Protein chains: 2
Amino acid sequence: MTATRRPTLADVAREVGVSAKTVSRVLNEDGPSSPETRRRVLEAVAKLGFQPNLMARSMRVGGPDTTVGLVVPDLGNPFFGAVAGGIEDAVHGHGLTLLMGSSDDDPEREHALIRTFLARRVSVLMVAPAVGADHAHLKSHRAAGMPVVFLDRPGNGLTTDTVVSSNRAGTQEGVAHLIAGGHRRIGFIGDLPARLYTRRERQAGYRAALAGAGLPHDRGLVADAHDPAGAAEATARLLALPDPPTALLSGNNVMTIGVMTELSRSGRKDVAVVAFDDVPMAGILEPALTVVAQNPVTMGESAGAAALERLGGDRGRARTILVDTRLVPRGSGELPPPARTR
Amino acid sequence: MTATRRPTLADVAREVGVSAKTVSRVLNEDGPSSPETRRRVLEAVAKLGFQPNLMARSMRVGGPDTTVGLVVPDLGNPFFGAVAGGIEDAVHGHGLTLLMGSSDDDPEREHALIRTFLARRVSVLMVAPAVGADHAHLKSHRAAGMPVVFLDRPGNGLTTDTVVSSNRAGTQEGVAHLIAGGHRRIGFIGDLPARLYTRRERQAGYRAALAGAGLPHDRGLVADAHDPAGAAEATARLLALPDPPTALLSGNNVMTIGVMTELSRSGRKDVAVVAFDDVPMAGILEPALTVVAQNPVTMGESAGAAALERLGGDRGRARTILVDTRLVPRGSGELPPPARTR
DNA sequence: TTGAAAGCGCTAACAG
DNA sequence: CTGTTAGCGCTTTCAA
């Protein structure tokens with residue numbers, strides 16, 4: 001079997017007996033064309049199975065490629081999947097397609113992906129930055145008219161449109177919810193590295209809630225992990241303290257799996273929990289899991305909308321779009337602390 | 001602020017005082033070049049921040065675009081996110097990038113996306129087909145050397161490499177597990193439309209297990225839904241039958257949410273459940289959820305590997321790659337049926 | 001070791 | 001209403 005060449009504009013033109021430009025006109029509904037020519041061109045297009053080469057078109061038009069380059073840390077994380085879905089919804093009506101890659105939270109891979117995307121002349125670049133990545137090199141590209149949007153986390157060395165969850169306020173609300181329920185010793189299980197933006201913000205919200213209630217901030221109640229197993233260990237460690245927490249705030253969906261697994265394993269149904277980020281079966285757990293829900297689809301849509309405005313010529317100053325989180329009380333956050341023995 | 005033009009090969013050449021071809025040679029390590037020239041070129045490239053235009057390159061070379069076009073029904077579904085991650089892992093080392101879009105299980109949108117991808121001259125096309133979509137029109141493209149791979153579901157009207165889960169055998173194993181536990185009336189909660197490939201296969205596995213055990217196939221124990229709420233209703237309906245099932249097989253992750261929600265709501269801890277497709281917190285539910293786990297990452301990797309072989313010149317006949325599922329007993333599938341009153 | 005010319009598939013600009 | 005010419009940014013081909 002021999003690879004057959006794909007038909008070009010010229011092939012269609014030859015078939016019909018007109019010039020390439022005429023075919024182009026018909027196809028792009030650019031300029032006038034006689035109904036008769038039109039008909040014959042379309043016929044030939046169908047007959048030959050011609051499909052215009054978008055690369056060639058973009059190139060000649062001089063505009064960027066009709067793609068949105070998106071770099072996320074992990075394609076497998078449903079959070080980023082939902083974000084991607086939101087972006088696609090926002091832009092696909094404008095003829096833009098998603099070009100995606102995973103950085104695996106590695107600045108090198110992120111940089112490589114960005115380079116590839118730039119080389120492809122994407123219309124828009126969206127990045128959920130890896131920890132430690134630098135983005136100063138994108139300045140010139142943004143100046144050249146390519147919108148850059150940071151997602152979930154701000155970038156480094158570049159001030160541009162950024163879409164993030166209300167991490168701090170959301171966590172603060174979650175912790176306040178626990179405090180309102182009578183808890184005074186509340187643990188925080190955060191992800192690593194500790195300098196990750198979302199981790200820092202959520203922990204700041206945790207501290208703010210404690211401060212707001214006049215509660216002391218016990219550094220010993222803050223634990224770290226970078227996977228569910230680690231989160232489970234961290235949970236066990238906190239609960240084994242001499243004066244253990246009566247409630248926990250889980251810093252993200254991955255931590256939550258570990259926290260809940262450990263509570264389930266040890267049969268501790270008396271520990272109140274609020275988890276940051278919603279999870280599918282939260283309502284079925286026992287007790288049902290109270291969460292601070294994020295809105296990843298909205299985040300994606302906002303990012304898409306912002307990018308489209310920039311493409312439309314908006315040169316205003318960079319905006320930070322805060323997408324609201326929402327406290328969803330389901331039970332686990334409403335557990336009262338055990339009666340105090342004093 | 002005025003949009004500054006991006007530097008081209010010619011700009012670099014002018015800067016250095018050589019021809020464009022020389023710059024091209026240095027950059028692509030094609031043909032010889034003097035160390036001195038080389039140095040000056042690289043210097044100018046760095047100075048101007050030149051990045052070769054990949055579109056122009058692909059076009060001139062005549063080869064396809066360095067992308068893998070992937071169409072999935074729903075970007076937000078973690079299953080497809082994981083599949084995409086697997087594909088990316090497999091191909092990114094070969095210089096390929098993922099171009100993704102959601103069809104929303106709508107054949108029209110799927111077709112539009114495929115058209116866009118073809119127009120972009122993707123190197124590979126991967127599709128998780130929408131119900132009712134036709135793919136005969138891809139024949140010529142495959143003949144022209146573009147690998148086409150179907151994912152999760154076979155395509156229509158085109159025989160080509162296909163990667164699917166062992167839906168039938170997996171479900172059969174799950175149902176056999178329930179039967180081995182003593183269940184004789186087992187309900188099946190499947191997704192709609194009923195002619196969806198995965199639904200049909202899984203239901204066939206269900207029937208095969210019943211037949212294998214000499215159990216009657218009661219059509220009344222099979223229910224449908226297309227979202228969690230519907231699955232919850234379907235579950236309630238089955239359990240309200242005069243002679244209700246003592247065990248349920250949930251046909252996919254979305255159904256599972258509804259099934260478990262209803263069991264939780266009604267406090268029915270006596271109904272055995274096996275769910276097709278694993279879910280994050282399955283182990284924490286009470287009882288812990290027994291599942292037939294799929295392997296989406298492996299599916300993506302297999303698809304990627306198959307595509308790469310085709311790109312490498314493999315013209316062998318189309319293969320169907322069955323990715324094994326795995327029964328993960330966790331408790332809910334091991335519940336015995338209630339003692340029979342006769 | 002380097003350069004000049006041609007051309008990938010398409011469209012902008014101008015004629016006719 | 002239609003055609004011609006030129007050129008997007010790059011690489012191939014051939015010549016120097």
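These figures come from a predicted structure and were not determined experimentally. All chains are named by letter (A, B, ...) in the order of the sequence lines, taking the proteins before the strands, and each is independently numbered beginning at 1.
- Note: D105(A) CG to E110(A) CD = 8.5 Å, rounded to the nearest 0.5 Å.
- Counting heavy atoms from C-beta outward, M146(B) and V122(B) have side chains that approach closer than 4.5 Å.
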* Taking it one step at a time, do R6(B) and Q51(B) satisfy side chain to side chain contact (heavy atoms under 4.5 Å, CB included)? -> CA-CA 8 Å; R6(B) 286 227 250 271; Q51(B) 288 193 299; over 6 Å; no
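- Tested against R120(A), the residues D65(B), T97(B), T67(B), N53(B) include a single side chain to side chain donor-acceptor pair (under 3.5 Å) partner, D65(B).
- Remark: F117(B) pairs with no residue by the ring-ring contact (aromatic ring centres under 6.0 Å, His included) rule, at least two apart or across chains.
- Side-chain contact between L75(A) and L98(B) is present, with at least one heavy-atom pair separated by less than 4.5 Å.
- Between K47(A) and D11(A), no side-chain nitrogen of the basic residue sits less than 4.0 Å from a carboxylate oxygen of the acidic one, so the salt-bridge criterion is not met.
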* What do the steps show when you test L9(B) against F50(B) for side chain to side chain contact (heavy atoms under 4.5 Å, CB included), and what is the final call? -> CA-CA 8 Å; L9(B) 250 200; F50(B) 168 74; 4.1 Å; yes
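- Per the geometry, CG belonging to D11(A) stands 13 Å off C1' belonging to dC10(C), to the nearest Å.
- Chain B approaches DNA chain D over the interval dG9(D) to dT12(D), counting the first and last nucleotide 5' to 3' with an atom under 4.0 Å from its heavy atoms.
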* Is there a side chain to side chain contact (heavy atoms under 4.5 Å, CB included) between M55(A) and R57(B) once you walk through the steps? -> CA-CA 10 Å; M55(A) 289 197 292; R57(B) 174 172 218 291; over 6 Å; no
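- For DNA chain D, the residues of residues 43-59 of chain A within the heavy-atom distance limit of 4.0 Å (strictly under) are M59(A), sorted by number.
- If you check residues 16-38 of chain B against DNA chain D, the residues with a heavy atom closer than 4.0 Å are K21(B), S24(B), N28(B), listed by number.
- By the 4.0 Å N-to-carboxylate-O rule, E43(B) lies too far from R40(B) to be salt-bridged with it.
- A 4.5 Å side-chain heavy-atom check between L125(A) and V68(A) finds every atom pair outside the cut-off.
- Residues meeting the salt bridge (charged side-chain N to carboxylate O under 4.0 Å, His left out) test with R319(B), sequence neighbours left out: E309(B), D314(B).
- Each end of the helix from dT1(C)-dA16(D) to dG16(C)-dC1(D) yields a helix axis from five base pairs, and these two axes differ in direction by 40° (to the nearest 10 degrees).
- V16(B) and V41(B) get closest at one heavy-atom pair: CG2-CA, 4.0 Å.
- Atom CZ in R60(A) sits about 17 Å away from atom P in dG7(C), given to the nearest Å.
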